[in-house]
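Report on one structure; see the data block that follows.
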Amino acid sequence: MPPPAEPGAAPPPTSASVRAGGSTFVGIGLMCLAVASFAVTDATAKWLSGHTSVFMIVWARYVVHFAFSLIVFNPWTVPGLLRTRRPVLQLVRSALLFATTALNFFALQFLQLDQTVSIMFSTPFFVALFAGPMLGEWVGPRRWAAILVGFAGILLVAQPGEGIHPAALLSLAAAITYSLYGITTRMLAPYDPTPTTLFYSALVGSIVATLPLPFVWETPHEPMVYAAMLELGAVAGTGHFMLILAHARAPAATLAPFIYLQILGMVALGWLLFNDVPSLWTLAGAAIVVASGVYLLLQERRQRAQSVVESTFSE
């Protein structure tokens, strides 16, 4: 998956920037295209896992993505791109994204697409848990209830003790690293511009993925493998770019629920490409996870709106 979407890839736009950026409907359309790109990325990674090693897949995802992103974001077209006020946090954030990608791609070798995406969408629960100690945003009783219900949905998907592959633990670990990645992205937003943060994500991932390559290199013998590796990085990079464009045209709170459309895309691609039919347990668990995640989003939106009202009246 994601990674599925990039939480906080762009700072939440102001109302003026949203109006200047265009229609909210255009932003929603771009978000849907981005989500479809992430589903295609995971499906491609799963297909490639049957033809080459995961190390090669992760390397292709990052290096091709980085090469494509250089066309838009590079030190010549964006002066000061490499300048960061929080270099350590940039490295930590990039490492967390790399870990998420690697864990997810390893899990995709053994799990169906619908299983990995359902588990990965537990990310909002971990964000709610970690936001307290890391951001000072503590969870109230209602949000705790939503988190517990969401974890019940994850258990329905994973069905511990009922035969699901232990790789489900890799997906759960990926959800944890992705939640920490999202939080560190929010921590960076006030200090570094979005192009700088995106550039470091691709650069660090490419370097880390290349380091073990002399020891794990496998020369592909099928032209389709080369084509899929190029498509993997290109589609992933395009998806993240469309995500940025979407956030420039619509509020983040409006776009967030559309991320869950990725589940539909993953189920469809799993059925079309791998003949994987989701079980009733997976569908029920995914529905619970989505419902809990949407509730958390609505609670966060309500809390932010209340904060704006309180700050307005306190001035």
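Residues take their numbers from the sequence shown, with the count starting at 1. A quick note: this is a predicted structure, and the numbers were derived from the prediction, not measured.
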key: From Leu230 atom CG to Tyr226 atom OH, the distance as rounded to the nearest 0.5 Å   = 10.0 Å
inquiry  = Rounded at 0.5 Å granularity, tell me how far CE in Met229 sits from NE2 in His51.
reply    = 12.5 Å
ask   = Got a donor-acceptor contact below 3.5 angstrom from the Ser94 side chain to the Leu91 backbone?
value = no
In a table with atom names and distances, give each donor-acceptor pair under 3.5 Å that connects a side chain of residues 203-212 to protein atoms at least two apart or in another chain.
| from | atom 1 | to | atom 2 | distance (Å) |
| --- | --- | --- | --- | --- |
| Ser206 | OG | Tyr62 | O | 3.2 |
| Ser206 | OG | Ala202 | O | 2.7 |
| Thr210 | OG1 | Trp59 | NE1 | 3.3 |
| Thr210 | OG1 | Ser206 | O | 2.6 |

request  = Could you go through the side-chain contact (heavy atoms from CB on, under 4.5 Å) check for Gln109 and Leu170 one step at a time?
outcome  = CA-CA 11 Å; Gln109 292 182 99; Leu170 295 177; over 6 Å; no
query = Taking the hydrophobic residues Ile, Leu, Val, Met, Phe, Trp and Tyr, and joining any pair whose side-chain heavy atoms are under 4.5 Å apart, which ones share a cluster with Leu272?
reply = Trp271, Val277
key: Shared hydrophobic cluster for Trp217 and Phe105 (ILVMFWY, side-chain gaps under 4.5 Å)   = yes
ask   = Is Leu273 reachable from Val35 through a run of I, L, V, M, F, W or Y residues, each pair having side-chain heavy atoms under 4.5 Å apart?
value = yes
message = Looking at every non-hydrogen atom in both residues, tell me the closest pair between Ala107 and Ala167 and how far apart they are.
response = CB-O, 3.8 Å
message = Would you compute the distance between atom OG of Ser118 and atom CD of Gln262 and round it to the nearest 0.5 angstrom?
response = 10.5 Å
message = Does any part of the side chain of Val92, heavy atoms only, come nearer than 4.5 Å to the side chain of Met187, both counted from C-beta?
response = no
ask   = Does CE belonging to Met134 count more than 12 external heavy atoms closer than 6.0 Å?
value = yes
inquiry  = Ignoring hydrogens, what is the shortest heavy-atom contact between Ala102 and Val54? Give both atom names and the distance.
reply    = O-CG1, 4.5 Å
query = So, Asp192 versus Thr197: side-chain donor-acceptor pair below 3.5 Å or not?
reply = no
query = Which heavy atom in Asp114 sits nearest to a heavy atom in Val117, and how many Å separate them?
reply = O-CG1, 3.4 Å
remark   = Looking only at heavy atoms, the pair that brings Ser122 and Val289 closest together is N-CG1, 4.3 Å
request  = Any chance you could measure Phe38, atom CZ, to Met120, atom CE, to the nearest 0.5 Å?
outcome  = 11.5 Å
query = If you round to the nearest 0.5 Å, how far is CG of Leu33 from CE of Met242?
reply = 5.0 Å
request  = Count the heavy atoms of every other residue, nucleotide or ligand shown that sit under 6.0 Å from CZ of Phe130, and state whether that count exceeds 12.
outcome  = yes
inquiry  = Test of understanding: clusters of I, L, V, M, F, W, Y form through side-chain heavy atoms closer than 4.5 Å, transitively. Do Leu188 and Val88 belong to the same one?
reply    = yes
task = List in chain and number order the residues that pass side-chain contact (heavy atoms from CB on, under 4.5 Å) with Val40, two or more places apart in sequence or in another chain; answer none if no residue qualifies.
result = Thr44, Glu231, Val235, Leu269
message = Between Phe98 and Val58, is there a side-chain heavy-atom distance shorter than 4.5 Å?
response = yes
inquiry  = Using 0.5 Å steps for rounding, measure from the CG atom of Leu113 to the CG atom of Leu108.
reply    = 6.0 Å
ask   = Linking I/L/V/M/F/W/Y whenever any side-chain heavy atoms sit under 4.5 Å apart, do Ile288 and Leu280 land together?
value = no
message = Between Thr177 and Thr100, does the side chain to side chain donor-acceptor pair (under 3.5 Å) criterion hold? Intermediate values first, please.
response = CA-CA 6 Å; Thr177 56; Thr100 301; 2.8 Å; yes
task = Compare every heavy atom of Thr116 with every heavy atom of Ser171, then report the nearest pair and how far apart it is.
result = OG-CG2, 3.7 Å
request  = Evaluate the side-chain contact (heavy atoms from CB on, under 4.5 Å) criterion for residues Leu70 and Phe199: first the C-alpha distance (whole Å), next the side-chain angles of each, then the deciding distance (0.1 Å), finally the verdict.
outcome  = CA-CA 8 Å; Leu70 281 177; Phe199 182 83; 3.6 Å; yes
ask   = Could you go step by step and tell me if Leu48 and Val225 meet the side-chain contact (heavy atoms from CB on, under 4.5 Å) rule?
value = CA-CA 7 Å; Leu48 279 169; Val225 175; 3.9 Å; yes
task = Report yes or no: do Thr196 and Arg83 form a side-chain donor-acceptor pair below 3.5 Å?
result = no
ask   = Counting only heavy atoms not in Phe110, do more than 12 sit closer than 6.0 Å to its CZ atom?
value = yes
remark   = Heavy atoms of Ala175 and Thr123 approach each other most closely as O-OG1, 3.7 Å
query = Taking it one step at a time, do Leu198 and Ser69 satisfy side-chain contact (heavy atoms from CB on, under 4.5 Å)?
reply = CA-CA 9 Å; Leu198 290 174; Ser69 67; over 6 Å; no
message = For residues Phe121 and Leu283: do they belong to one hydrophobic cluster (side chain heavy atoms under 4.5 Å, members Ile, Leu, Val, Met, Phe, Trp, Tyr)?
response = no
